[in-house]
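Input: a single structure, listed below in structure tokens.
Everything quoted here is computed from the prediction, not taken from an experiment. Values reported hereafter were calculated over all heavy atoms of this structure, with side chains retained and with hydrogens, waters and symmetry mates removed. In what follows, every chain begins at residue 1, and chains take the letters A, B, ... in the order their sequences are listed.
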2 protein chains.
Amino acid sequence: METETATRWLTDAEQCAWRTHLDVNRLLTHQLERDLQPFGLTMNDYEILVNLSESEGLRMRMSDLASATLQSKSRLSHQITRMENGNLVRRENCESDRRGLFAVLTEHGLETMQRVAPHHVASVRRHFIDLLPEEALEELHKSLTPVAEHLRNHRGKP
Amino acid sequence: METETATRWLTDAEQCAWRTHLDVNRLLTHQLERDLQPFGLTMNDYEILVNLSESEGLRMRMSDLASATLQSKSRLSHQITRMENGNLVRRENCESDRRGLFAVLTEHGLETMQRVAPHHVASVRRHFIDLLPEEALEELHKSLTPVAEHLRNHRGKP
DNA sequence: CCTCACTAGTTCACCTTTCAACCTTTTAGG
DNA sequence: CCTAAAAGGTTGAAAGGTGAACTAGTGAGG
């Protein structure tokens, strides 16, 4: 009985594409992180701020926020604690489900968000968006969407 | 005097593309990490193994390895220490420059690499490469290459 | 030769992430 | 109702990452 199947190694083209993809990610993340640093925020902080600022009542349930930002509950919990110490966010009890908590954007959190957003957007443009012709960006989006979907459906499995 | 310039916010299309890109990265990294876990390796470990296994004499100078993998020297140093404890790698002095060290792949490191590689490649195919039509992958590569280049040239600056 | 600036690499202190254990409240079944 | 399982969150310890300070060796100019 044959337990072993010949491996389909990556072709050169595939390998190049893959490595470039990995590199862009790493470099881009570093760069965006660096550009946020002067404002005392990390990309994680920023992402939380964005999510909350776009939500009804500037608040979200911890679980929802965790899955919106693709983090574990534990990690989010620590993250929110840190942001609470920085007075960007506060926790509030949920009346309808007494297990639950909201993360709520504070005034200072909102101001910070509004002050920083333009710089962050500029950074994203400068290091990514504006380097790609419009069709390339659309193409990229079209290609990546099914990948994202696949990965989402596939979470916590073989 | 005008100190403020109108912010060029992202268009909807740009925003979607950008968020998808971020999500794919996060999800994909998680998935690949999960798939390596049964073998006791992280993606960082794996990447080091690949780099060393492709090098003359199965060895690289610490600095070269750090820049090949886009890590700080500090981080690499910790990483190699861990891998040394796992007997995947060993440090060796450099004769020609007595400040320098080589990271050298051990026998066990090489075997591990060879045993794990097929699974990792399968994982990369399953969750990324094989989800993209061939032209899409080429397109992606073409689009991303200048971005990577830009980011590389731009390291450690404004 | 000296010496001074630079390069290679490590270390330390501090912060972030992960994972498993835990507590509380809700829900579904009998 | 009562109970057991599941869901919402937190916690604490251990592992990983970061940046600055440090050691030691190199090398170019005077």
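Here the P atom of nucleotide dT18(D) and the CZ atom of R34(A) are 13 Å apart, to the nearest Å. Computed from coordinates, the L76(A) CG to dT16(C) C1' distance equals 14 Å when rounded to whole Å. The distance from atom CD of E47(B) to atom P of dG17(D) is 12 Å, rounded to the nearest whole Å. Per the geometry, CZ belonging to R75(B) stands 17 Å off P belonging to dG9(C), to the nearest Å. Protein atom CD of Q79(B) is 13 Å distant from nucleotide atom P of dT10(C), rounded to whole Å. The distance from atom CD1 of I48(A) to atom P of dT16(C) is 13 Å, rounded to the nearest whole Å. Straight-line distance from the CG atom of N93(A) to the P atom of dG8(D): 16 Å, rounded to whole Å. If you measure from atom CG of L70(B) to atom C1' of dT18(D), you get 16 Å, rounded to the nearest angstrom.
OP1 or OP2 of dT10(C) lies within a sub-4.0 Å distance of a side-chain N or O belonging to R91(B). Applying the 4.0 Å criterion to OP1 and OP2 of dG9(D), one finds that R61(A) has a side-chain N or O inside that range.
With no hydrogens or angles considered, no side-chain donor-acceptor pair links N51(B) and E47(B) at under 3.5 Å. Side-chain atoms of D23(B) and T20(B) form no donor-acceptor pair, as typed in the model, at a separation below 3.5 Å.
Taking 3.5 Å as the limit, the base of dT18(C) and the side chain of H78(A) contain a donor-acceptor pair of atoms between them. Below the 3.5 angstrom threshold, one finds no donor paired with an acceptor across the side chain of S77(A) and the base of dT11(D). Interface remark: the R99(A) side chain does not form any donor-acceptor pair with the dT24(C) base, using a distance-only criterion of under 3.5 Å. For a distance-only test at 3.5 Å, the side chain of T81(B) fails to qualify as a donor-acceptor partner of the base of dT10(C).
Comparing H30(A) and F102(A) by the nucleotide of DNA chain D whose heavy atom lies nearest to each, the residue mapping closer to the 5' end is F102(A). Take the nearest nucleotide of DNA chain C for G100(B) and for Q71(A): the residue whose nucleotide is more 5' is G100(B). When each of N44(A) and S96(A) is assigned the nucleotide of DNA chain C bearing its nearest heavy atom, the one mapping closer to the 5' terminus is N44(A).
The S63(B) side chain lies nearest to dA8(C) when the options are dT17(C), dA8(C), dT11(C). Side chain of R98(A), nearest nucleotide from dT26(C), dT26(D), dT11(D): dT26(C). When distances run from any side-chain atom of K73(A) to the nucleotides dT10(D), dT26(D), dT10(C), the shortest one goes to dT10(D). Side chain of D97(B), nearest nucleotide from dG25(D), dT11(D), dT18(D): dG25(D). The side chain of L101(B) lies closest to dT10(C), out of dG9(D), dT10(C), dT18(D).
Although no hydrogens or angles enter the test, the distance criterion places a donor-acceptor pair under 3.5 Å between the side chain of E14(A) and the main chain of T11(A). Although no hydrogens or angles enter the test, the distance criterion places a donor-acceptor pair under 3.5 Å between the side chain of T106(B) and the main chain of L88(B). The closest donor-acceptor contact from the side chain of S77(B) to the backbone of K73(B) lies at 3.5 Å or more, if one exists at all. R59(B) places a side-chain N or O within 3.5 Å of a backbone atom of G57(B) that can act as its donor or acceptor partner.
Across all strands, Q37(B) comes closer than 4.0 Å only to sugar-phosphate atoms, never to a base (heavy-atom distances). At the heavy-atom level, R82(B) lies under 4.0 Å from the strands shown only through sugar-phosphate atoms. Contact annotation for S72(B): no contact, since no heavy-atom pair falls under 4.0 Å across all strands.
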